[in-house]
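As a basis for the values below, the full set of heavy atoms in this structure was taken, side chains included, without hydrogen atoms, waters or symmetry mates. In what follows, chains carry the letters A, B, and so on, assigned in the order in which the sequence lines appear, proteins first and then strands, with residues in each chain numbered from 1.
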Number of protein chains: 2
Amino acid sequence: MKLIATGIAESEAGPDEPFLLERFIPYRLSVLTNLLSRAIGRLYGRRFGLAIPEWRVMAVLARFAPLAAAELCTRTAMDKVQVSRAVARLKAAGYIVRSVDTADRRRSRLRLSSSGRAVHDAIVPMARAAEAKFIADLAPADRATLDRLLGLLLDRAQTLDAAGNIADKT
Amino acid sequence: MKLIATGIAESEAGPDEPFLLERFIPYRLSVLTNLLSRAIGRLYGRRFGLAIPEWRVMAVLARFAPLAAAELCTRTAMDKVQVSRAVARLKAAGYIVRSVDTADRRRSRLRLSSSGRAVHDAIVPMARAAEAKFIADLAPADRATLDRLLGLLLDRAQTLDAAGNIADKT
DNA sequence: GAATAATAGTTACAAATGAAACTAATTGCA
DNA sequence: TGCAATTAGTTTCATTTGTAACTATTATTC
């Protein structure tokens, strides 16, 4: 069943026209992301008992370890509570190892354990396959545009979120 | 601070290359949607005490009332528990009116109250302004492409979610 | 070089969410 | 009819999430 129509963006509609939720871009992005996160969450969760925040931490540690929690926050775009909890679960599962930064004993140095690395390496092809399947419908030019638009819109959203004034006429 | 790089999609990377979370499309979509939902949630919440699910219900009722809860589920892409709770809060706030369908007394007939309509009409321009601001950076061609891609990807995500096999090689 | 402020990370508590059990009403069918 | 199966919607309970308070350590300042 097709729930969401395509056509002009809602914001191009004049003020007297009815508001069309199904064309409202933030709504469509939200539905899209929820569907995709759910599908991908099943992917990690079913076989490895990982939630998405945990997978994000593992993916970043695989590349940049050792990292402190604060650096994980920056790299994963998660807040420090989320990171703290993801790290705690991964440590309990034996997928990461924590040591204390000797130069600053508040900071931790986090890295994947060998079993964590093995899980990571097993998941990566699945994640790539899922992404490929998701965009399989798109022509090469559309993929490039999508990639570029995601960059632009992320910048924009970060700016608007930080400014906190998304509705003002600025 | 720019967190997310642009470039080729992660799925185009070869199997021996490191996994780049910051280029992984589901990750970028998730970060984007969370930022945007947070910004827009503040918009509805601050002035009107509405959460996003409630606003969605109001937007759909404004156009299609009277509706039963099940129809709200279809139109908002929310599940019946979410809808039930959103309806309960809106009823408590006096923004919607519920009557019982005389032909099937399990079903309800929901519509906006006059104060609900007033709130709706006050929010619509704010929502439109927020969307316009969000895509203000985009050239007209990019807006059209975004609109089209959202449609394609939503279809795709619905299919993959329903099939539950996003990682298989199908 | 103490006292204060700032920072890294965790914990606690409250609100939101999701899955499953439940109630009430209707439909199907013997 | 009468009983099982289905459907609409709500409630319950466990989990997740977000904000704020907290602990431990380091930096600053007088």
Side-chain angles (χ1 to χ4, degrees), chain A residues 30-31 33-35 37-42 44-46 49-57 60-61 66-92 96-111 161 164, chain B residues 30-31 33-35 37-42 44-46 49-57 60-61 66-93 96-110 161 164:
Chain A
S30 166
V31 173
T33 299
N34 287 344
L35 287 168
S37 294
R38 196 141 50 92
I40 292 200
R42 281 199 298 265
Y44 306 150
R46 200 163 34 193
L50 294 178
I52 288 178
E54 284 136 49
W55 161 247
R56 287 185 182 177
V57 166
V60 167
L61 286 181
L67 289 181
E71 295 163 320
L72 283 172
C73 295
T74 308
R75 297 246 179 225
T76 60
M78 292 158 43
D79 77 31
K80 63 182 185 172
V81 177
Q82 276 184 294
V83 166
S84 174
R85 292 199 262 237
V87 164
R89 284 187 293 250
L90 289 169
K91 201 170 40 143
I96 66 177
V97 176
R98 141 183 284 155
S99 57
V100 171
D101 185 328
T102 52
D104 181 345
R105 301 202 337 274
R106 292 170 304 184
R107 312 186 104 224
S108 47
R109 292 163 58 85
L110 301 163
R111 50 179 87 246
D161 183 67
Chain B
S30 166
V31 173
T33 300
N34 287 342
L35 287 169
S37 294
R38 199 141 47 93
I40 290 198
R42 281 199 298 266
Y44 306 148
R46 201 164 31 192
L50 294 177
I52 288 178
E54 284 136 48
W55 160 248
R56 288 185 182 176
V57 165
V60 166
L61 286 181
L67 290 180
E71 295 163 321
L72 283 173
C73 295
T74 307
R75 296 248 179 223
T76 59
M78 291 159 41
D79 76 33
K80 63 181 184 171
V81 177
Q82 276 184 294
V83 167
S84 173
R85 292 200 260 236
V87 164
R89 284 188 293 249
L90 289 169
K91 201 171 35 143
I96 66 177
V97 177
R98 142 183 284 153
S99 56
V100 171
D101 185 328
T102 52
D104 180 344
R105 299 199 344 272
R106 294 170 306 183
R107 300 173 72 94
S108 45
R109 292 163 59 84
L110 301 164
D161 183 67

Take atom [atom1] of [X] and atom [atom2] of [N], then tell me their distance rounded to the nearest Å.
X     : N      : atom1 : atom2 : result
B:R85 : D:dT10 : CZ    : P     : 11 Å
A:R38 : D:dT15 : CZ    : P     : 20 Å
B:L72 : D:dT7  : CG    : P     : 19 Å
A:N34 : C:dG18 : CG    : C1'   : 12 Å
A:K91 : C:dG9  : NZ    : C1'   : 11 Å

Query raised in the report: Mapping A:Q82 and B:E71 to their closest nucleotides on DNA chain D, which lands nearer the 5' end?
Result: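 Residue closer to the 5' terminus by nearest nucleotide: B:E71.
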
**Report entry** Whichever of A:R105 and A:K80 has its nearest DNA chain D nucleotide further upstream toward 5'
**Finding:**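 With A:R105 and A:K80 compared, the 5'-side residue is A:K80.
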
Query raised in the report: Choosing from C:dA8, C:dA20, D:dG18, which nucleotide comes nearest the side chain of A:D79?
Result: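 In terms of side-chain proximity for A:D79, the closest of C:dA8, C:dA20, D:dG18 is D:dG18.
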
Query raised in the report: Looking at C:dA25, C:dA12, C:dA19, which one has an atom nearest to any side-chain atom of B:V81?
Result: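 Nearest to the side-chain atoms of B:V81, counting from C-beta on, is C:dA19.
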
Query raised in the report: What does A:R98 touch in the nucleic acid at a heavy-atom separation under 4.0 angstrom: a base, only the sugar-phosphate, or nothing?
Result: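 A:R98: backbone/sugar contact only, no base atoms under 4.0 Å.
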
Query raised in the report: How would you label the contact of B:A68 with the nucleic acid (heavy atoms, under 4.0 Å): base, sugar-phosphate, or nothing?
Result: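 The answer is sugar-phosphate, as B:A68 gets under 4.0 Å only of primed atoms, P, OP1 or OP2.
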
What are the two closest heavy atoms between [X] and [Y], and how far apart are they?
X     : Y      : result
A:V57 : A:M78  : CG2-CE, 4.3 Å
A:A68 : A:L110 : C-CD1, 4.5 Å
A:Q82 : A:D79  : N-OD1, 2.9 Å

Requested in this report: Look at the side-chain N and O atoms of B:S108 and state whether any lies under 4.0 Å from the OP1 or OP2 oxygen of D:dG9.
Outcome: yes

Report task. For C:dT11, take OP1 and OP2 only and decide whether either is under 4.0 Å from a side-chain N or O of A:S84. Result ->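 Indeed not, no polar side-chain atom of A:S84 lies that close.
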
Report summary line: Rounded to the nearest 0.5 Å, the SG atom of A:C73 sits from the NZ atom of A:K80 at a distance of 8.5 Å

Query raised in the report: Any side-chain donor paired with an acceptor under 3.5 Å for B:R89 and B:S84?
Result: no

Requested in this report: Check whether the side chain of B:R106 and the base of D:dT7 form a donor-acceptor pair under 3.5 Å.
Outcome: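 Answer yes: a donor N or O sits under 3.5 Å from an acceptor.
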
